[in-house]
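Source: prediction; values computed, not measured.
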Amino acid sequence: MNIKHTIEQTLEKALPAVALAKAGGIGNIELFESKNPAFGDYFTNIGFKSENTDQITESIINPAHKFMCWDKMIDRVEVKAKGFINFFLKEDFLKDFINIILDERETFGSSDVGKGKKILLEFVSANPTGPLNVANGRAAALGDSLTRILNFAGFKAVPEYYIDDSGTQIDTLEKSISLMIKKLKDKGSLRAEGEAISFPENYYKGDYIQNIAQEIIDKNIKDIRTYSLKKIIKDQKSTLDRFGTKFDKWVYESNIRESGKPDEVIKTIKSRNLAYEKDGALWLKTSQFGDEKDRVLVKSNGEYTYLVPDIAYHLNKFDRGYQTLINLWGPDHHGYIPRIKAGISASNYPAENLKIIIVQWVTLLKKNRKLGMSKRQGKFVNLDELISEIGKDVCRYFFLTRKQESHLDFDLDLAKQTSPQNPVYYIQYAYARISSIFKFAVEQGFSLANNTNLKLSCGRHLPMWEASPDADISISRSGDLSHLRTKEEMLLIRKLIHFPEIIETCVLHLEPHHIPFYLQSLAALFHNFYEKQRVVTDDIDLTKARLKLVEAVKIVLSNGLTLLGIEAPEKM
RNA sequence: GCCCCUGUAGCUCAGUAGGAUAGAGCGCCGGUUUCCUAAACCGGUUGUCGCGUGUUCGAAUCACGCCAGGGGCGCCA
């Protein structure tokens with residue numbers, strides 16, 4: 001349940017049509033979360049947007065318009081400064097909201113705004129020429145989390161990975177490995193000496209080249225190209241697996257080429273008169289679609305540029321029934337956006353339904369010096385290494401607390417050094433503490449419904465507290481939440497109600513980073529509450545009420561962490 | 001030269017499509033464990049929101065111009 005929307009909708013119905021008409025173009029009534037308790041739980045600034053502030057204000061606070069759930073939810077409406085209208089929620093309603101969370105459980109925060117719309121997210125899609133690096137990790141964390149969030153919001157979002165397994169970079173890979181094999185053989189396969197060999201500037205270097213070369217020698221492999229590709233792709237997959245990132249589908253560029261779709265693309269574009277020959281090459285009139293200049297589709301040697309199969313791939317996505325396509329790209333590809341969109345438009349497909357999110361680089365700092373990200377020079381930090389150094393959860397959290405367009409400085413030394421201080425543990429610790437409270441409560445004779453035990457190992461789906469055979473200390477479903485009245489309890493509840501709104505913000509802007517910040521402040525309020533008030537005490541009624549409260553907290557923590565792909569441990 | 005992104009506390013970053021007194025974590029200083037996990041809590045510390053104009057009831061947020069950093073401007077992918 002989204003309280004903000006409920007109030008907004010109620011207001012819009014309550015506001016007399018006359019007032020709305022006179023206000024003229026004030027648009028929807030928009031509620032904001034109040035930062036200051038003196039200004040209530042929510043406020044609206046609609047008074048500022050209209051010329052007749054007083055009338056609008058009057059019509060909103062007019063008691064005559066209270067109806068629907070209004071009486072149950074709203075305690076009072078105040079105007080402290082002209083233009084701002086503050087809404088105060090009823091304490092009883094806030095307390096009762098805990099029951100809503102307990103009812104909705106793992107669906108609390110979800111919605112159906114997506115209406116089942118099919119979205120394809122394509123991300124990482126690293127060239128299969130080496131291990132995944134830290135920037136790939138950032139894209140993986142973001143894409144994965146976005147997929148989860150969109151599905152939570154009622155979309156049908158599917159993650160996909162495009163493997164560029166043809167083209168010159170693969171030729172270069174093959175050459176690099178072949179050369180390494182030669183050198184290793186020449187040097188009697190001594191690795192240390194192999195390193196001294198100088199490779200051409202544009203060749204791939206790094207330990208993995210040497211390792212693959214060595215394997216090929218050892219296993220006496222004939223098809224160097226295929227073996228190397230398979231090996232690298234397999235390693236990339238296993239890294240992503242360790243990182244908790246799942247892809248529904250892996251699409252190979254070679255398959256797209258073989259499908260004949262690229263030829264169709266050329267045919268269509270030609271037939272629509274959007275291409276022309278110049279200098280022996282075929283050019284697409286991308287400038288007609290807003291690009292700065294035209295681009296080559298077919299090189300003078302008859303080969304396609306990589307634009308052609310890429311256009312074909314995107315048309316293929318549409319053909320598979322996806323209405324919206326989301327791609328996560330690195331900043332080095334931003335100049336490519338007009339090109340691919342032009343290609344899609346030229347093929348008579350809806351380019352406006354392709355949304356490209358540019359995920360900025362991760363700059364690695366080591367000993368205060370910036371490390372390059374160059375794959376060719378082998379001077380990058382592997383995602384795999386990073387996961388080993390600081391752990392999957394810290395790593396994901398680190399990436400997911402930043403907006404995608406912010407340049408990210410990653411100080412590896414600092415990350416290692418401060419990882420025990422990482423806020424992700426703070427959040428997980430809150431979750432573990434609640435689990436611990438439950439365990440203690442059971443030891444004290446409180447019981448749980450539908451379960452013989454707490455399911456400590458897989459406790460994502462918490463049992464509901466309910467009546468036990470011993471009626472005196474059981475927690476009934478209708479447990480009396482009116483016993484919650486301390487400042488700390490109310491602050492917790494007021495934080496809990498905003499979770500659905502946070503999710504909505506994430507969906508609207510395609511930005512997961514609001515979730516970690518929210519969870520952090522929720523955890524802070526919980527820890528604060530925990531230090532000041534005991535949950536399990538001799539006061540049975542109060543204990544029952546507080547168990548429900550912390551269970552609601554646990555549900556929200558769990559739902560939030562799940563959307564981030566971060567574990568919620570029962571014990572730490 | 002042109003295009004994209006960024007510039008907020010000592011450091012790393014939030015700031016919900018302009019809202020009421022700028023936030024968090026880390027760091028630093030000082031406190032808190034007979035009781036559900038001290039990976040915690042409490043108190044203290046830090047800002048010309050890069051700079052300048054403008055827009056309006058109101059600007060960290062919008063517009064324009066500078067400055068600084070990152071990335072991109074191939075018949076590479």
Side-chain angles (χ1 to χ4, degrees), chain A residues 30 32-36 38-39 43-45 48 53 80-84 86 127 129 164 166-170 172 202 253 278-283 292-293 295-301 303-307 310 330-338 358 360-361 363 365 370 398 401-411 414-415 417-418 420-426 428-430 432-441 443-444 498 501-502 504-506 508-509 511 513-514 516-518 520-521 523-524 526-537 543 546-547 550 571-572:
Chain A
E30 201 181 359
F32 301 90
E33 181 184 342
S34 301
K35 288 179 204 152
N36 187 332
F39 302 142
F43 73 91
T44 178
N45 57 7
F48 285 118
T53 308
K80 283 237 166 72
K82 194 171 173 179
F84 291 110
N86 304 315
N127 283 342
T129 52
D164 222 337
S166 27
T168 50
Q169 86 278 11
I170 304 301
T172 307
N202 64 334
E253 187 192 327
K278 196 183 91 184
D279 304 331
L282 185 71
W283 297 69
E292 39 187 54
K293 56 181 173 183
R295 309 288 171 177
V296 172
L297 289 173
V298 186
K299 303 185 218 172
S300 51
N301 65 6
E303 287 175 14
Y304 292 152
T305 61
Y306 106 121
L307 186 56
D310 217 21
D332 54 336
H333 279 65
H334 98 264
Y336 185 68
I337 296 173
I358 297 292
Q360 288 294 329
W361 288 144
T363 311
L365 299 168
K370 291 194 175 176
F398 192 90
T401 42
R402 271 80 173 170
K403 284 186 301 198
Q404 45 260 34
E405 65 263 31
S406 71
H407 301 258
L408 199 162
D409 282 341
F410 202 130
D411 188 325
L414 195 68
Q417 191 190 333
T418 62
Q421 251 60 261
N422 194 289
V424 73
Y425 293 125
Y426 185 81
Q428 292 179 319
Y429 186 55
R433 265 186 157 173
I434 296 172
S435 303
S436 184
I437 292 171
F438 287 175
K439 206 176 149 205
F440 182 79
E443 283 164 16
Q444 298 303 305
H498 292 302
E501 298 155 21
I502 297 295
E504 191 196 13
T505 302
C506 293
L508 200 62
H509 302 283
E511 291 176 339
H513 76 269
H514 301 99
F517 284 97
Y518 170 83
Q520 209 172 318
S521 61
F526 167 75
H527 286 307
N528 186 275
F529 159 78
Y530 180 91
E531 295 289 336
K532 295 198 170 134
Q533 280 136 32
R534 277 189 69 84
V535 174
V536 182
T537 62
T543 300
R546 286 189 172 160
L547 280 171
V550 296
K571 240 196 278 193
M572 283 177 78

Of the listed rC75(B), rA14(B), rC4(B), the closest approach to the Lys299(A) side chain comes from rC75(B)
Are Tyr530(A) and the base of rA40(B) stacked, counting only ring centres nearer than 5.5 Å and planes tilted under 30°?
-> no
With a 4.0 Å cut-off on heavy atoms, is Asp279(A) in touch with a base, just the backbone sugar-phosphate, or nothing at all?
-> base
Report the nucleotide, chosen from rG70(B), rA38(B), rU16(B), that has the shortest atom-to-atom distance to any side-chain atom of Arg433(A).
-> rA38(B)
Just by distance, do the side chain of Thr543(A) and the backbone of Thr537(A) share a donor-acceptor pair under 3.5 Å?
-> yes
Starting at the 5' end of RNA chain B, which residue's closest nucleotide do you reach first, Lys403(A) or Ala432(A)?
-> Lys403(A)
Looking only at atom P, what distance separates rA9(B) and rG72(B), rounded to whole Å?
-> 28 Å
For atom C1', what is the distance between rC49(B) and rA59(B), given to the nearest Å?
-> 11 Å
So which nucleotide from rC5(B), rG71(B), rA77(B) ends up closest to the side chain of Asn127(A)?
-> rA77(B)
Mind checking His527(A) for me? I need base, sugar-phosphate or nothing, with any heavy atom below 4.0 Å counting as a touch.
-> sugar-phosphate
Pairwise C1' distance, rG50(B) and rC67(B) [rounded to whole Å] = 7 Å
Does Ala38(A) offer a backbone N or O that forms a donor-acceptor pair with the side chain of Lys80(A) under 3.5 Å?
-> yes
Once you round it to whole Å, what is the distance between P of rA39(B) and CD of Glu531(A)?
-> 10 Å
Out of rG72(B), rA14(B), rC41(B), whichever nucleotide has its closest atom nearest the side chain of Tyr426(A) = rC41(B)
Is Tyr306(A) touching bases, backbone alone, or none of the nucleic acid, heavy atoms closer than 4.0 Å?
-> base
Expressed in whole Å, how much space separates the C1' atoms belonging to rU46(B) and rG25(B)?
-> 14 Å
Among rA39(B), rA77(B), rG27(B), the one nearest any side-chain atom of His333(A) is rA77(B)
Can you check the Arg402(A) CZ to rA14(B) P distance for me, whole Å?
-> 7 Å
Can you tell me how far P in rA22(B) sits from the matching atom in rA63(B), rounded to whole Å?
-> 24 Å
What nucleic acid atoms does Asn528(A) come within less than 4.0 Å of, heavy atoms only: base, sugar-phosphate, or nothing?
-> sugar-phosphate
Under the 3.5 angstrom rule, does the side chain of Trp283(A) hit a backbone N or O of Lys278(A) as a donor-acceptor pair?
-> yes
Where does rU33(B) fall, syn or anti, if syn means a chi angle no more than 90° from 0?
-> syn
Hey, does the side chain of Arg546(A) reach the backbone of Arg534(A) with a donor-acceptor pair shorter than 3.5 angstrom?
-> yes
Phosphate oxygens OP1/OP2 of rA14(B): is one of them under 4.0 Å from a side-chain N or O of Ser406(A)?
-> yes
For Ser34(A), side-chain contact (heavy atoms from CB on, under 4.5 Å) partners two or more places apart = Phe39(A), Phe43(A)
Asp332(A) CG to rC5(B) P, in whole Å, measures 15 Å
State which of rC76(B), rG70(B), rA39(B) makes the closest approach to the side chain of Thr168(A).
-> rC76(B)
Which nucleotide sits closest to the side chain of Glu30(A): rA17(B), rC41(B), rU12(B)?
-> rA17(B)
So what does His514(A) hit on the nucleic acid, given a heavy-atom distance under 4.0 Å: a base, only sugar-phosphate, or nothing?
-> sugar-phosphate
For RNA chain B, what are the stems built from at least three Watson-Crick or G-U pairs in a row, each pair having both distances below 3.5 Å?
-> B:1-7 with B:67-73, B:10-13 with B:23-26, B:27-32 with B:40-45, B:50-54 with B:62-66
What nucleic acid atoms does Phe398(A) come within less than 4.0 Å of, heavy atoms only: base, sugar-phosphate, or nothing?
-> nothing
With a non-hydrogen cut-off below 4.0 angstrom, is Gln533(A) in contact with a base, only sugar-phosphate, or nothing?
-> base
From CG of Leu408(A) across to C1' of rG69(B) the rounded distance in Å is 15 Å
Using atom P of each nucleotide, how far apart are rG23(B) and rC66(B) to the nearest Å?
-> 34 Å
Output the single nucleotide from rA77(B), rG25(B), rA20(B) whose closest atom is nearest the side chain of Pro423(A).
-> rG25(B)
Non-hydrogen side-chain atoms of Thr305(A) and Asp310(A) separated by less than 4.5 Å | no
Identify which nucleotide among rA14(B), rG25(B), rG27(B) has an atom closest to any side-chain atom of Gln520(A), counting heavy atoms from C-beta outward.
-> rG25(B)
Stacking check Phe84(A) vs rA20(B) (5.5 Å / 30 deg) = yes
Provide, to the nearest angstrom, the distance between the OH atom belonging to Tyr336(A) and the P atom belonging to rG72(B).
-> 17 Å
Mind checking Leu508(A) for me? I need base, sugar-phosphate or nothing, with any heavy atom below 4.0 Å counting as a touch.
-> base
Side-chain contact, heavy-atom cut-off 4.5 Å: Gln404(A) with Glu511(A)?
-> yes
rA20(B), syn or anti by chi within 90 degrees of zero | anti
Check if the side chain of His407(A) and the base of rG7(B) share a donor-acceptor pair of N or O atoms closer than 3.5 Å.
-> no
Quick check, are the ring centers of Tyr426(A) and Phe526(A) under 6.0 angstrom apart?
-> no
Would one find a side-chain N or O of Lys532(A) under 4.0 angstrom from OP1 or OP2 of rA40(B)?
-> no
Give Glu292(A) one of three labels, base, sugar-phosphate or nothing, depending on what nucleic acid heavy atoms sit under 4.0 Å from its own.
-> sugar-phosphate
rC62(B) versus rA17(B) - spacing of their P atoms, nearest Å | 11 Å
Rounded to the nearest angstrom, tell me the gap between atom CZ in Phe517(A) and atom P in rA14(B).
-> 6 Å
Taking the P atom of each, how far is rC64(B) from rG71(B), in whole Å?
-> 25 Å
Are a donor atom and an acceptor atom from the side chains of His527(A) and Arg433(A) found within less than 3.5 Å of each other?
-> yes
Side-chain heavy atoms of Ile337(A) within contact of Ile358(A), under 4.5 Å | yes
Just checking Ser300(A): base, sugar-phosphate only, or nothing, at a heavy-atom cut-off of under 4.0 Å?
-> base
Test item: Tyr304(A) and Leu297(A) side chains (from C-beta on) under 4.5 Å apart, heavy atoms = no
Closest-nucleotide ordering on RNA chain B, the 5'-leading residue of Lys35(A) and Arg534(A) | Lys35(A)
Which part of the nucleic acid, if any, lies within contact of His513(A), taking any heavy atom under 4.0 Å across all strands shown: a base, the sugar-phosphate backbone alone, or nothing?
-> sugar-phosphate
Nearest to the side chain of Gln360(A), which nucleotide is it out of rU12(B), rA20(B), rC5(B)?
-> rC5(B)
